Amino acid sequence: ANSKVHIVYMGEKHHHDPEVVTSLHHDMLASVLGSKEAAYDSMVYSYKHGFSGFAAKVTESQAQKIAELPGVIRVMPSHFYSLQ
Amino acid sequence: TTRSWDYLGLSPSSPTNLLHDTNLGDGIVIGLLDTGIWPESKVFNDEGLGPIPNQWKGQCVSGESFNASADCNKKLIGAKWYIDGFLAENKQPFNTTDSPDFLSPRDVFGHGTHTSTIAGGSFVYNASYRGLGLGSVRGGAPRARLAMYKVCWNVPRGQCSSADILKAFDDAIHDGVDVISVSLGTQLPLFSEVDDRDTISIGSFHAVAKGIPVVCGAANEGPSAYTVENTAPWILTVAATTIDRSFPTPITLGNNLTILGQAIFAGKEVGFTGLVYPENPGLIPSLAGVCESLLLNNTPVAGNVVLCFTTVASRTPVATAVSSVRAAGGVGVIVAKSPGDVLGPCSNEFPCIEVDYELGTQILFYIRSTRSPTVKLSPSATLVGKPISTKVATFSSRGPNSIAPAILKPDIAAPGVSILAGSSPYDSFMDGGFALHSGTSMATPHVSGIVALLKALHSNWSPAAIRSALVTTAWKTDPFGEPIFAEGSPQKVANPFDYGGGLVNPNKAADPGLIYDMGTEDYIKYLCAVGYNTSAISQLVGQTTACSMVKPSVLDVNLPSITIPNLRENITLTRSVTNVGPVNSVYKANIDPPPGISVAVRPETLVFNSTIKTISFTVAVSTTHQVNTGYYFGSLTWTDGEHLVTSPISVRTQIIQYYTDGN
């Protein structure tokens, strides 16, 4: 109930194959959430073409754990932009 | 756009200009992150367009009321929609009954259709809003292809989740767009570029690193200082100006004096009728004639035109006054206000005409001096050309840059007031497929269209080179040589914090002579200079990076502008320029120093030949001021007699540093 969308930003991607990049994202999320299934349920987007990272619905404490994983630059809550 | 492109010198009837030199931008793909697109709009016709460019790897995605195979064509070659982040953040389901929208690339707002038209719409002749602004609508690059990434949804003001925006950037980079146009903003105060929540600067960093320029709006929080958004140095940030077009609307008083207000009023003339200004009798202290809180109890409104006053520049008081006056049976409203540069029609052709405070006071004096004041309201006309001056719009956000004051923002200004372009039938301001809208949202795709043309002409130019070409060649006056003013209270002559390098001059930008180029190394230098740690920078750029032992100066970032926010001791900064003009060229420096500031350039002459294409130079700056000052402005121009490569200089003396002067 307390989960919110967080963006996990990992900078430039280190693998050319986007499927490999996405698989890495799922593995990382699963390592914190406890299962692959939970990771698939929680994942909103995998950023795999122009850079590496993902968006997922996680709690604050889960976000903190993800932030400590190697390769993670920053975990930030998603927020809104508006038209100008 | 029925005027804006001609105003900027990109008329198709001109025998030579950037438009012709680039075959109208053919082969270039413009990606827009916006509210979607109305594909049936005439501006997206693909008549005469050749095959889809080879580099295109994107796709059109079907969805609600959007059939990819039928709705996309050789003009609209990409259309995707991103809602997962938006839905995941909304606790309630997105109810498209209450907030009409389509779960597809289809646009309800009209905003994305409008911006797409401005950047790369095809020609549509005889377009107007109810006869106003009549002409040919088209994009800056009329033969460019469009890719819409719908990231904004129909909740108040249009909300766009940063998770969705980042995915759209990710896809746009993959799809092979040549320029990304983002008419979105966030709330102040800002988040920093890489270690917080500024999704647009993160996505744009990776786009720019791959050679894709990203053009963003400066936001609509002006005219206060420090309101500019999208300030990362790799982003091209756009302010909004007016154009040489207005919509004068005659207000004829009973004494035969005719005052020209401004309105989008295409209804029938209101013949001579009563004119009233709400005033309270006796000692009641509240003002009855304030537009946003009209007190009409003591005023005979039915059948009359009401004059009101407001100090608020936005459209809100106009809408509020119209609602109150209509409810009381009035037949028109005259609003005396500071210019807000956001005109719009009032519903059901109700006349709502804006005048400035000076003319409003004249009307008030007429009312107070006459037993039975009367007025006639005539429909708006379209006035184009020299009598109309160019102004930086009131709403356009202003510098300095609150994150990194040494990085001048906005970079450039472009038309963004009362722009006629395609829209959605759901847009309440749309007529016959077109609507007049204002905002830095409209200025942004003007620059995106020009960037598309420049990419077509100079395919090897980096995003920084394109930005440099635009900034150093921009008009400091309007196209007729008259000064550009900045709206606000009071109005003043515009400076770099209003319009960056100035008003975009596409034909000059095509041949700038010299460019201040930047690549990933320069952005790393910036990140080191502003204090990001090396591990974060290494990951950001995907390579091991170490900031130098001596922290680089942000003043040395190779921007086409010089901004010194805290000058106390003498400062020497460096720049390098690359010759993109004739191989054998000699440029000399011409300095216009800010008042009280000494500026010296070494060397004063730059000699380029077949082996020397890039030359570094230093700029020594010192102050004679002995107190903390505000910003003074000047310029540095390199010229070979043909090209003028002008960098704006902004300097603030800070004898006491990190000091708020609130005395």
Side-chain angles (χ1 to χ4, degrees), chain A residues 1-22 24-25 28-29 38-60 62-63 66-84, chain B residues 34-35 82 84-86 88-89 109 111 151-152 156-167 169-175 182-187 191 194-197 199-200 202-203 205-207 209-210 217-220 229 397 439-442 444 535-536 538-543:
Chain A
N2 294 323
S3 63
K4 293 177 63 177
V5 178
H6 286 73
I7 293 168
V8 179
Y9 175 55
M10 301 170 64
E12 192 61 51
K13 64 192 175 79
H14 294 280
H15 203 287
H16 289 301
D17 185 345
E19 298 315 313
V20 173
V21 177
T22 297
L24 168 71
H25 296 157
M28 290 176 66
L29 192 52
Y40 276 97
D41 285 347
S42 164
M43 186 76 79
V44 179
Y45 289 118
S46 170
Y47 307 121
K48 57 190 175 183
H49 299 297
F51 46 91
S52 179
F54 58 91
K57 284 189 82 171
V58 294
T59 64
E60 278 301 317
Q62 290 166 342
I66 295 170
E68 292 163 7
L69 294 174
V72 174
I73 294 180
R74 186 67 55 171
V75 179
M76 48 206 168
S78 184
H79 69 117
F80 284 97
Y81 285 80
S82 56
L83 308 174
Q84 298 296 323
Chain B
D34 215 300
T35 60
Y82 303 85
D84 292 352
F86 174 86
E89 286 175 68
F109 260 93
H111 189 276
V151 294
C152 302
R157 285 191 71 194
Q159 295 291 305
C160 334
S161 155
S162 56
D164 294 333
I165 290 171
L166 211 47
K167 187 59 188 169
F169 267 109
D170 191 35
D171 281 354
I173 293 168
H174 165 268
D175 291 347
V182 187
S183 292
L184 308 175
T186 184
Q187 290 179 324
F191 299 109
V194 293
D195 69 347
D196 247 314
R197 305 183 201 181
T199 317
I200 289 177
I202 290 172
F205 180 87
H206 293 283
K210 292 165 181 61
N220 298 342
E229 300 181 14
S397 285
T440 49
S441 278
M442 284 69 236
T444 301
S535 68
S538 298
Q539 290 230 289
L540 179 73
V541 300
Q543 62 191 60

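In what follows, chains carry the letters A, B, and so on, assigned in the order in which the sequence lines appear, proteins first and then strands, with residues in each chain numbered from 1. Model, not experiment: these values are computed from the prediction.
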Top contributor to chain A interface from I165(B), N220(B), L166(B), V151(B) [non-hydrogen pairs under 4.5 Å]:
L166(B)
According to ring pair (Phe, Tyr, Trp, His ring centres under 6.0 Å), who are the partners of Y47(A), at least two apart in sequence or on a separate chain?
F51(A)
Give the minimum heavy-atom separation between A88(B) and V44(A), together with the two atoms involved.
CB-CG2, 4.2 Å
Check: Q159(B) and H79(A) side chains under 4.5 Å, non-hydrogen atoms:
no
Is K210(B) close to chain A through its backbone or its side chain, or both, or neither, when contacts mean heavy atoms under 4.5 Å?
side chain
Under 4.5 Å heavy-atom distance to chain B, tell me which part of S46(A) shows up: side chain, backbone, both or neither.
backbone
Under 6.0 Å from the CD atom of E60(A), do we count more than 12 heavy atoms belonging to anything else shown?
no
pair C160(B)-F80(A): side-chain heavy atoms closer than 4.5 Å:
no
Using salt bridge (Lys or Arg N to Asp or Glu O under 4.0 Å) as the criterion, list what pairs up with D84(B), not counting sequence neighbours.
none
S183(B) versus chain A, the contacting section by heavy-atom distance below 4.5 Å:
backbone
Do the non-hydrogen side-chain atoms of Y81(A) and V182(B) ever get within less than 4.5 Å of each other?
no
For the residue pair Y9(A) and H206(B), categorise the inter-ring angle as parallel (less than 30°), tilted (30 to 60°) or perpendicular (more than 60°).
perpendicular
Using heavy-atom distances under 4.5 Å, tell me whether V75(A) contacts chain B through its side chain, its backbone, both, or neither.
neither
Given the options C152(B), A219(B), G217(B), A218(B), which has more heavy-atom pairs under 4.5 Å with chain A than any of the others?
A219(B)
Per-residue contact mode, F109(B) against chain A (heavy atom under 4.5 angstrom):
side chain
When you compare the side chain of I173(B) with that of H49(A), does any pair of heavy atoms fall below 4.5 Å?
no
So, for I7(A) and S162(B), which heavy atoms are closest and what is the spacing to 0.1 Å?
CD1-OG, 3.6 Å
Which heavy atom of G50(A) sits nearest a heavy atom of D170(B), and at what distance?
N-OD1, 2.6 Å
Under 4.5 Å from any heavy atom of chain A - which part of T35(B)
side chain
Side chain, backbone, both or neither: which part of K13(A) has a heavy atom under 4.5 Å from chain B?
neither
When the 4.5 angstrom heavy-atom criterion is applied to D164(B) and chain A, the contacting part is both
